[in-house]
Amino acid sequence: MSELITADLVDLDLSAETKDEAARSLAERMVAAGRVTDLDGFLADVAAREAQMPTGLDGGIGIPHCRSEHVSAPTLAFGRSGRGIDFGAPDGPADLIFLIAAPAGADDAHLAILSGLARRLMDSEFTDALRAERDGAGAAALISGERDPASSASATAAPSATAVPASEPVPEEPFRIVAVTSCPTGIAHTYMAAESLETAARAEGVELSVETQGSAGFEQLDPAVIAAADAVIWAHDVEVREKARFSGKPVVDVGVKAGINRPGELIAEARGKAERGEVSTLADGPAPEGGGDGAAGGDRTHFGVRLRTYLMSGVSYMVPFVAAGGLLIALSFAIGGYEIAGAKSVADHFVWSEADSWAALLNQIGSAAFGFLVPVLAGYIAYGMADRPALVPGFVGGAIALTIDAGFLGGLVAGLLAGAVVMAIQRVKVHPTLRGIMPVLVIPLIASTVVGFLMFIVVGKPIASLQNALTDWLNGLSGSNAVILGVVLGLMMCFDMGGPLNKVAYAFAVGGLADPTPGSLKVMAAVMAAGMVPPLALALATTVRGRLFTHTERENGRAAWVLGASFITEGAIPFAAADPLRVIPSVMAGGAVTGALSMAFGCTLRAPHGGIFVVPLIGEPFLYLLAIAVGTAVSAALVVVLKGTRRTPQGAADTAAGKPEAAVAA
């Protein structure tokens, strides 16, 4: 690891007071060392990772980290804070801060080295030595492994917590556990959870084997080891890969931080489940949300939370089809006009020199992509519920929904039905000789038949009628009804800025484009306009009242102009993560105003995308831009007012002294 950290990348007197300041201070050392090419771009990536899940750990440790295209070589910087810095750990501020920077295409060897550091952070002897070290080069040597903490003059000897008294008999057959750990980035938490579980297992006399599904790839556990295991622990924030390997075992299912913070409790729970003979179905859905100490046992999660997770699984897989198909259709309209949708098939008639032929080609490719929206939605809702065996009945149900004109509502229902049917089949005990063919033959066959029957004969027609009624309602929207709908959609688009509510509003609007009507085109325009408000508003606020924001936020504000103009609502997330109580209500208010004005002005949009790229395709484009401008101004004004009320006398003094960053300390 010596090439990853040097004495120049160590700051034993880190004076930063916030995690953003700490990241900037350490990142500046990386820039000076030639390891980071764009300071602000890298810090934006660090902030985006921090917004997903706090990187503070018990024991006074902060590990901000990310993979970034602005990193030229895998790098580690270390800072030691005398006051402590809040990184969101349950036990308080961190005094040991490790900034881990991995290139977007980091090779497995370097990521494996970084994972080694993550494991060492679980060793109290290592962290004690770092706290006592007086020299930057010595700290770098400790971190790189060139110096043994036990040999350091500053390290204190302590009896091993895992030692077993000689008089204590060793069990002939120890309790065996297999574990899987994973986190969204796959650099630090994945390996720290593994190390924490292994340490606790040694102390308990438990035989533990861990599969770390990190960014460096993963080596699957030996099937024989899994077969011999008495229980399974999943400490994960992303989907566990190939769950079926663990079929028939008691499973403790938690977030990755639970694996780090309370491994002993998880091992005890695994023992308890094994003693009670509990066996999990293993296909209850994706990883626990929130990246925290999720309740042990995914089956205990509140039904509403699980339902939202299932639906978001389908929407997330559907969005790339929407983006590709929708932009192709939008481009075809820009070249050939709206009437190009009625052109003959380009397979029968295509003239290379005619613009209309190219427009028709783009339109028909985009339409083909759009044809997958409902089946993909249904298929991956089912996948989120019951894993790969549910894909076939989910896709079949989605295709039937299109056949009977049940649209997106039909796709939602088909996906939920497919997942539920597969989960029910998986609970049936079968002879071991049949287990091999269940997921590839029996389950798809039976589930597709049941889902097809339900969609064609039982629920399909009522759903189609409801879909038609919804379409008629949208077509009839006018006056106050349209404005109220615009307000609701604007609030949803801006509440979580790319999260579940945002995606629901987006999916609702896109669903209307499958069979466009005047009402659905107005909904599409309102959703796209409102989605542009949050980043544009924060960009405007940082421009007009920069002293209310940190240096990093002002830099992010410059980027937010481009992100907002491109309909990337997530450009406002760093601001919302830093100050949610002021930023989120402000952008929601502006989004509601924009959605209401767009509907009141009768603006329409045929493309499932926003931003300046689709302005030529908007009905009433000037009024549409006016709606965005008004909403942006409202949000920016509210942000400025709310942030201005929190300024402290010390902040004002610092501003007068030429330190604008200090003025925004909460």
Side-chain angles (χ1 to χ4, degrees), residues 53-61 63 87-92 94 118-124 127 160-164 168 171 174-184 188-213 221 225-226 229-238 240 243 246 249-282 284-302 305-306:
M53 181 175 69
T55 54
L57 302 173
D58 286 344
I61 297 171
I63 51 166
F87 275 86
D91 67 342
R119 288 173 174 271
R120 295 181 70 197
L121 291 176
M122 297 293 100
D123 182 357
S124 60
T127 54
S160 171
T162 61
V164 179
E168 209 172 286
F175 190 79
R176 296 181 175 90
I177 296 176
V178 289
V180 175
T181 61
S182 65
C183 66
H189 290 82
T190 297
Y191 304 99
M192 297 175 78
E195 181 67 18
S196 184
L197 286 168
E198 289 171 350
T199 300
R202 286 193 297 270
E204 297 284 343
V206 171
E207 187 176 298
L208 178 76
S209 299
V210 184
E211 180 179 296
T212 51
Q213 297 183 354
L221 289 165
V225 173
I226 297 175
D230 299 299
V232 179
I233 294 175
W234 290 343
H236 63 127
D237 288 333
V238 294
V240 172
K243 294 179 180 177
F246 306 97
K249 302 285 184 183
V251 175
V252 176
D253 188 359
V254 296
V256 69
K257 277 201 170 182
I260 297 173
N261 296 332
R262 49 189 185 90
E265 294 180 26
L266 304 186
I267 291 173
E269 184 169 352
R271 281 183 180 274
K273 285 196 170 191
E275 291 171 359
R276 294 189 297 271
E278 296 182 19
V279 177
S280 297
T281 60
L282 304 183
D284 294 339
E289 294 188 22
D293 298 356
D299 54 337
R300 299 182 190 174
T301 309
H302 190 278
V305 174
R306 286 188 284 131

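One distance of note links CD of Glu204 with OG1 of Thr199; it measures 12.0 Å at 0.5 Å rounding. Here Thr55 contributes atom OG1 and Ile61 contributes atom CD1; the two are 11.5 Å apart, rounded to the nearest 0.5 Å. The line from NZ of Lys249 to CD1 of Ile177 is 12.0 Å long, rounded to the nearest 0.5 Å.
Taking the side chain as every heavy atom from C-beta outward, Glu198 and Val210 approach each other to under 4.5 Å. Contact annotation: the side chain of Val206 approaches that of Arg271 to within less than 4.5 Å [non-hydrogen atoms, C-beta and beyond].
The minimum heavy-atom distance linking Phe87 with Ala94 is given by the pair CD1-CB, 4.2 Å. When all heavy atoms of Ala274 and Asp230 are compared, the closest pair comes out as CB-O, 3.8 Å. Closest non-hydrogen pair, Ile260 versus Pro263, comes out as O-CD, 3.7 Å. Minimum heavy-atom separation, Leu208 to Ala179: CD1-CB, 4.1 Å. Ser209 and Val225 get closest at one heavy-atom pair: OG-CG1, 3.7 Å. In terms of heavy atoms, Thr212 sits closest to Ala194 at CG2-CB, 3.6 Å.
In this structure a side-chain-to-backbone donor-acceptor pair under 3.5 Å is missing from Glu207 to Pro174.
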Chi angles and distances behind the side-chain contact (heavy atoms from CB on, under 4.5 Å) call for Val180, His236: CA-CA 7 Å; Val180 175; His236 63 127; 5.6 Å; no
